[in-house]
Amino acid sequence: MSSETKREDLPELLFARAKETPPSGSIQFYDGFFPALSAGSKYTIAAKQSLPTSLRKEPYEATQEFEIEAPRFTLDPGVVETVFPPDRGNGEYDQELPFVVLTDPTLPWERTVVPGEPAPTPERPTGWLALAVFAADEIELQPGTGSPVETLTVRALLEGEGGVPGPQIPTAAVPGALLGSSCQAITVKGPAFAAVMPTLAELSSLAHCRAVNNLEEGEALLSVVLANRLPLATGSPVRYFANLVSLEGCHEYLEAGKQVPPKVRLASLHSWSFISQPESDVDFETVVEELIAHQTPTATLSLPPAAGKQLGEPAAARIADGYAPLAFVSGAGEQSFAWYRGPLSPVVPQPLPKVGEPAVPVAEARNADELAIYLAEQGTFDLSYAAAWNAGRQLALADSKFSEAIGRLLREARRTLGQAAQRLSAPHLTGGDPERLLARDATRARFAEAVAGGLTGRWTAALAGARAGVAAPAAAGRLERPRRRASVHPRDALAEPWVAATLGEALEELLKPVGAWLARLSLLGPVPFEHLVPRPAMLPPDSLRFFYLDRDWIDAMLAGATSIGVEAAADAALLATLMPKLAKIVADEGGAGLEGAPRATGVVIRSQLVSAWPSLVVTAEAGGKALPSLRDDCPAPAVRFCLFAGVPDHVTLAEPYRGLRFGTDEHAVAPRYVTSAGPIGKKIPGVKPVAPSFRQAQPAGVLEIAPLAKKLAEETGSGAPSLGAGDLAIQLVAAPEMQTFPSDPSSGR
């Protein structure tokens, strides 16, 4: 390693020594990354070169002595990449093991607990570092600081200043300059030291090496040191102090049955504190089980079947299709009911025919009455699409920016169309590329083209001939006054295909804000929740409901929104002409429900999951591939609303991923594959979780690591008497909880 190599470059350099690069996006665990040379050892390099005797009889010889140095009593803060729980964190950590991630992959194995012994090897993997977690009453706090960390010299640490024994390292074995340097230390009460600190046999299981290969971290080797204690909090919050400590020279205190002094001082290489809160009664698995227990067989957004039975068979069929009977007051003041279904349909919506006189697509409906459907056999109305049209118009009128944008668009469209009609009537603009009629300075451009085509030469020849009384040569052409063309009405100009296409290009900058707003509207963002779920009984507490997005409902709403800019029939024609361009902008902005786009579906969840886990991850898959998410938010308290581009096979709810963590699940460890018998790291189906044992002596929460590693080796079928540090880390990975809900699109529900 050159003298210019930086410490932060070390993981990448050492990664080249690994047996193989992990696949992209993967993480691999190793029992350790053991250095080839021992820290503190002295070595000599000898070089000898012989030349032909004709040149030199004696060979060239040179020797160089060097000593391996490594961190001992202090640590460069840059080596610590991550700690968990975070410094000054405050949360429920009682099932998560604290840990520290180091950028130096060999650091935990660069020294040994017994001073002077060779560096650890795969056969003797016990290192010198431990992550110790103590409560405030188990460790001495410094006066006035509330911190257990004190600063003193290395000599004072080793000589037991104040009568507190420290590491049993002879001062003669430490260089003088190092003895006079400062370090940080903590003083632990003897009973707490004996109850909390890992034994010599456990140290090798609590440090492992991790190889990562992903976009966030690149290719790197890291070392991880785990604590052996779950920071429990019973009844009230507890402040814990985590310290990465050196155990070099502390081997006598760690031997089983060895008497520990009343106090022990340890070198603290890195320290932080956090508060562990008592575990709440709400856990992911319990809430999901409650959600499953309240599911209906079809899990679709419709009223309970009992409501349909009271209304007869036709009404029951309507309710099964997602309609709700709502109060309706006619224009004459008569009170009755009408059917209403929002844009969230439990069945595949059937396309509507054209509406109005003359008939136009739903997206061009001129008023809500055109979309009212009379059900003659029931004597009632279906006002779903009429309500959608009115909702779109009201939402558009309520947004002053959109009102201004669509008004400006239509004014400019009328002006541009009038200009096109005027230029179509101009004889000097006929011929050539018709799309250039709407170009700026079209007359000047056309004159420039004529000049470039020889117009000035023909003029000059014609004028010269006129003066001489000679007719212009036939080759020069004959200049004739263009005949005046009849006026072209803007309505007739709009009928020209090229005008419709060119109009959209000319107005693109004005179309963009209108299209962007309509895209948000198509995702139902501004739509009141009661328009989506008209009856609370359709979405009771602790329920999850699937739906199809009704494309015609969206079109009717967009028609109502754009109607605020229509002042005459000509405006309606202009909007119809611009609609393809608007539709493209809506699609580009991620809008939903448009013709030609994938059928949009979704799920709406009303559950404590939503409020307790604001970052709940909701994903949908079809054919093993994730579906794009169109919308994912909370339109009402404790309600999650998700839209997907496509029809999913299943939807998964999962706890948010908070990074790689370690711990237990309900104070148990689910065995995972560590051999080729299954995917490495995946939970082994049918194998019961292993409940770890805890040390009986207080304080609580200290795990018995050795029995746990042995039991997990049996349950995973590893074939080893005990799991190594890497395999044990895989077992302790705290993966997010998740639950998958299947959907059945083949039934139309």
Side-chain angles (χ1 to χ4, degrees), residues 343 354-371 385-421 438 489-496 499-528 531 551-589 591-595:
K354 291 185 176 182
V355 298
E357 292 291 342
V360 295
V362 174
E364 299 176 24
R366 299 173 184 84
N367 54 66
D369 290 342
E370 292 181 343
L371 297 170
Y385 302 99
W389 195 95
N390 281 326
R393 183 174 177 85
Q394 291 166 5
L395 290 169
L397 289 170
D399 193 312
S400 59
K401 290 185 178 179
F402 176 74
S403 301
E404 181 181 348
I406 196 169
R408 186 166 55 248
L409 169 65
L410 286 175
R411 286 194 300 272
E412 185 62 21
R414 289 192 291 268
R415 188 197 67 78
T416 304
L417 182 61
Q419 185 182 60
L438 291 180
H489 193 278
R491 179 180 57 252
D492 299 327
L494 198 59
E496 294 282 345
V499 172
T502 307
L503 200 61
E505 298 297 329
L507 302 172
E508 185 169 7
E509 291 304 313
L510 294 176
L511 284 165
K512 285 181 178 179
V514 175
W517 190 89
L518 293 177
R520 293 192 294 272
L521 183 63
S522 74
L523 296 176
L524 307 172
V527 179
H531 282 64
R551 185 172 289 160
D552 285 326
W553 202 99
I554 300 296
D555 284 347
M557 180 176 59
L558 297 183
T562 54
S563 70
I564 66 170
V566 176
E567 298 178 1
D571 293 334
L574 270 174
L575 267 178
T577 301
L578 296 172
M579 193 54 67
K581 187 70 175 179
L582 271 176
K584 185 179 184 306
I585 295 174
V586 170
D588 292 342
E589 293 286 336
L594 300 175
E595 192 68 38

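Every value quoted in this text rests on a predicted model; they were computed, and no experiment measured them.
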Check: [Y] and [X] side chains under 4.5 Å, non-hydrogen atoms:
X: Thr562; Y: Glu364; result: no
X: Ile554; Y: Leu524; result: yes
X: Glu589; Y: Leu518; result: no
X: Val355; Y: Tyr385; result: no
X: Trp389; Y: Val362; result: no

What closest approach, in Å, do [X] and [Y] show between heavy atoms, and which atom pair accounts for it?
X: Ser563; Y: Arg393; value: OG-NH1, 2.7 Å
X: Ser522; Y: Gly591; value: OG-CA, 3.3 Å
X: Ala556; Y: Ala388; value: CB-CB, 4.0 Å
X: Ala559; Y: Ala363; value: CB-O, 3.3 Å
X: Leu578; Y: Ala413; value: CD1-CB, 4.3 Å
X: Ala365; Y: Glu370; value: CA-OE1, 3.6 Å

[X] [atom1] to [Y] [atom2] distance, which is reported to the nearest 0.5 Å:
X: Leu371; Y: Trp553; atom1: CG; atom2: CH2; answer: 11.5 Å
X: Ile585; Y: Trp517; atom1: CD1; atom2: CH2; answer: 15.0 Å
X: Asn390; Y: Asp369; atom1: CG; atom2: CG; answer: 8.5 Å
X: Leu511; Y: Ile406; atom1: CG; atom2: CD1; answer: 10.0 Å
X: Arg415; Y: Leu507; atom1: CZ; atom2: CG; answer: 8.5 Å
X: Arg408; Y: Glu509; atom1: CZ; atom2: CD; answer: 11.5 Å

Asp552 side-chain N/O to Asp555 backbone N/O, donor-acceptor pair under 3.5 Å: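 Checked: no pair found.
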
Without swapping roles, check the side chain of Ser403 against the backbone of Ala396 for a donor-acceptor pair under 3.5 Å.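 Yes: the side chain of Ser403 pairs with the backbone of Ala396.
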
side-chain contact (heavy atoms from CB on, under 4.5 Å) between Leu410 and Glu567, worked out: CA-CA 10 Å; Leu410 286 175; Glu567 298 178 1; over 6 Å; no

Look at Lys584 together with Asp588 and state whether they make a salt bridge at an N to O cut-off of under 4.0 Å.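 The answer is yes: the pair qualifies as a salt bridge.
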
Salt bridge flag under 4.0 Å for residues Glu404 and Lys401: no

